[in-house]
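The structure under discussion appears below in the form of structure tokens.
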Amino acid sequence: MKPRGTKELHSESYTQGVRENMYWLPIAELDKYKAFPSFMKDYLQNEHSGVEHIVTDERKEKIKVFN
């Protein structure tokens, strides 16, 4: 995510014809929201460095992180 600049998100993202809405959420308040992927609330509580590519398939309950 961008560390600087505005918090405005401009997206024209659709899934199966339904427009997706994106919002910035405070990490400290994630427990107040229903967010996906579901493991992300815990994952973001730890510090990370560098770029990570995260692929999830919750149908199979697998999580892969590529550094």
Side-chain angles (χ1 to χ4, degrees):
M1 299 293 168
K2 294 191 288 183
R4 295 184 209 114
T6 70
K7 291 186 178 181
E8 284 186 38
L9 297 172
H10 302 285
S11 174
E12 295 296 325
S13 181
Y14 289 82
T15 298
Q16 297 181 356
V18 178
R19 184 173 181 170
E20 296 178 341
N21 296 305
M22 292 185 273
Y23 303 94
W24 287 100
L25 301 173
I27 292 175
E29 298 178 17
L30 283 178
D31 58 335
K32 298 178 182 177
Y33 299 92
K34 184 175 184 178
F36 296 93
S38 58
F39 77 92
M40 195 57 73
K41 292 178 187 180
D42 293 327
Y43 181 80
L44 291 174
Q45 298 304 315
N46 299 313
E47 189 172 320
H48 303 273
S49 64
V51 176
E52 296 181 354
H53 180 162
I54 301 171
V55 178
T56 63
D57 184 346
E58 292 188 358
R59 295 172 300 173
K60 298 178 183 178
E61 298 183 25
K62 290 183 180 179
I63 299 170
K64 295 181 181 179
V65 177
F66 301 97
N67 293 333

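Sequential numbering from 1 along the given sequence is applied to the chain's residues.
Remark: the backbone N or O of Asn46 is paired with a side-chain donor or acceptor of His48 at under 3.5 angstrom. Within the 3.5 Å criterion, the main-chain N or O of Tyr33 finds a donor-acceptor partner in the side chain of Lys41.
Residues forming a salt bridge (charged side-chain N to carboxylate O under 4.0 Å, His left out) with Glu20 (at least two apart in sequence, or on another chain): none.
Atom CD1 of residue Ile27 and atom CE of residue Met40 lie 10.0 Å apart, to the nearest 0.5 angstrom.
Residues His53 and Val51 fail the side-chain proximity criterion, which asks for heavy atoms closer than 4.5 Å.
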Practice problem: May I have the step-by-step check of side chain to side chain contact (heavy atoms under 4.5 Å, CB included) for Ile54 and Phe39, ending in yes or no? | Solution: CA-CA 11 Å; Ile54 301 171; Phe39 77 92; 3.5 Å; yes

